[in-house]
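For reference, the structure discussed in these notes is given below.
Heavy atoms only: backbone and side chains are in, while hydrogens, waters and symmetry mates are out. Letters go in sequence order (proteins before strands), and every chain restarts at 1.
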Number of protein chains: 2
Amino acid sequence: MRAKDENKEAAIREQAIAMIVAEGFHGLSMQKLAKAAELSPSTIYIYYDSREDLLNKLFFYVEEVFNRETLKGFDARMHFEEGLWIQWKNRYRYSKEYPLYFLFAEQFRNSPLIRHKDIRENRFRSAMQEFVYHAVQRGEVADLTPEVFWAMAYGPFYTLLKFHMDQSSMSGKPFALTDHKLKQAFRLVLKALEP
Amino acid sequence: MRAKDENKEAAIREQAIAMIVAEGFHGLSMQKLAKAAELSPSTIYIYYDSREDLLNKLFFYVEEVFNRETLKGFDARMHFEEGLWIQWKNRYRYSKEYPLYFLFAEQFRNSPLIRHKDIRENRFRSAMQEFVYHAVQRGEVADLTPEVFWAMAYGPFYTLLKFHMDQSSMSGKPFALTDHKLKQAFRLVLKALEP
DNA sequence: AAGATAAACGAATATTCGTTCTTTTAAAAA
DNA sequence: TTTTTAAAAGAACGAATATTCGTTTATCTT
């Protein structure tokens, strides 16, 4: 029997993500995708049951890469400052290495597609919860509702990151996120979160 | 001549926003919209040149309401703590009074549609810039890059608000944003931003 | 080398899309 | 009341949509 060409699955995935980032969900048609990935429309259906199945699998794949990259060098028993900083750096690095994945996930997260599934639970890892729990025990960080903590610890970071990715300009020139600005914001967040 | 029924324009607008929030941009078809607004597809084209024109006008309308609501009771010469708190409360109130508008705008903002236009500039009002400038002069707040300031001042707020709107659950039960949690987060933000 | 099997293809399917055409209707102007 | 004019309707348009069908092709097994 003829062997599956695994390159094709990756080609479909990468082209689909690129198309969605460039033109949105309605910009992804199976025929245009087939043309971009240089294969027949029907071939897509060998790897994915349907358009909806494709979208779901794209999201799960991207989320998997995100989780892997985000946990690199991270340990739940780290001191708070070190652990949170690693999280920031990992997420920042992820957005630079996989910018299309990042933009795709943001688009997905803000679309109603996600509401029809129950994907959101996994977003916040139990490793992070454990990390925060121990840091609170050690008196390294204020004891807050999980959502308030998350909002303080990551809200500023993601706001900066999205400015950067969208090349938003608050005044004149487009914003570029530097290591210095990232560290500066991090210090402010630490200040807010000290017990 | 026959008079325009202005109710129709509003009906089209509200139904379109509801459809987009419920099913995404590709969930908005002119024929389904016509059915939902109880009129003929061709009637839509009396009020809007095309589907794209409709989407643009929806966004501008929603942004206009947002700006109006957000500036209520706000003055650029207010003291920093009072002014920023009014901004938080106004935006919170807006999200409660116009939840569909809020969700629509979030979806629009994270889609590539917005990249094809140049809408984003207006997002951050000059009134806000003036407000921050004076507060810095008076030594009420740290002097930061606009983007870093914005990320600190609004990042946590919007993260909380989106948890609330999406009914995300970080742990067990769905999150509900209370006045108390809002005030708590606000105090933490003030702490981070003090000079 | 021959046969088997699934990958891959490209054309064809029915449906839905945005938009326009033609006709009817209602209200303002005469 | 008659005329005029644009609002509103609904059927119809071609183009594009997701998916499937029948056939061909490549590679593994025998």
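The separation between A/Leu33 atom CG and D/dA16 atom C1' is 15 Å, rounded to whole Å. Atom-to-atom, CD1 of A/Ile44 to P of D/dT20 comes out at 13 Å; the value is rounded to the nearest Å. Computed from coordinates, the B/Asp5 CG to C/dT25 P distance equals 18 Å when rounded to whole Å. To the nearest angstrom, C1' of D/dT19 lies 13 Å from CZ of A/Arg51. Separating the OH atom of A/Tyr47 from the P atom of D/dA18 is a distance of 20 Å, rounded to the nearest angstrom. Between A/Glu9 atom CD and C/dA8 atom P there is a gap of 10 Å when expressed in whole angstrom units. In this structure, A/Leu39 atom CG and D/dT25 atom C1' are separated by 15 Å, rounded to whole Å. Atom CG in B/Leu54 sits roughly 15 Å away from atom P in C/dC17 (whole-Å rounding).
Between A/Arg91 and A/Glu69 there is no salt bridge, since no side-chain nitrogen of the basic residue lies less than 4.0 Å from a carboxylate oxygen of the acidic one.
Looking at which nucleotide of DNA chain C each of A/Gln31 and A/Glu38 is closest to, the 5′-most match is held by A/Glu38. Toward the 5' end of DNA chain C, the nearer of the two residues B/Met30 and A/Glu6, judged by each one's closest nucleotide, is A/Glu6. When each of A/Lys32 and A/Asp49 is assigned the nucleotide of DNA chain D bearing its nearest heavy atom, the one mapping closer to the 5' terminus is A/Lys32.
Phosphate proximity of D/dT19 to A/Tyr48: absent, as no side-chain N or O sits under 4.0 Å from OP1 or OP2. Distances shorter than 4.0 Å separate none of the side-chain N or O atoms of B/Tyr45 from OP1 or OP2 on C/dC21. Residue B/Ser40 places no side-chain N or O under 4.0 Å from the OP1 or OP2 atom of D/dA8. Put simply, B/Lys8 has a side-chain N or O that comes within less than 4.0 Å of OP1 or OP2 on D/dA8.
Counting heavy atoms from C-beta on, the side chains of B/Glu23 and B/Leu28 never come closer than 4.5 Å. Looking at B/Leu84 and B/Trp88, their side chains come closer than 4.5 Å, going by heavy atoms from C-beta outward.
At a threshold of 4.0 angstrom between heavy atoms, the contacts of B/Leu28 are confined to the sugar-phosphate backbone, with no base atom among them.
In terms of polar N and O atoms assigned as donor or acceptor, the side chain of B/Ser42 comes within less than 3.5 Å of the base of D/dA9 in a complementary pairing.
Residues A/Phe66 and A/Tyr94 place their aromatic rings such that the two centres sit under 6.0 Å apart.
Remark: B/Lys96 is positioned above the aromatic ring of B/Tyr92, its terminal NZ or CZ atom under 6.0 angstrom from the ring centre and at most 45 degrees off the axis.
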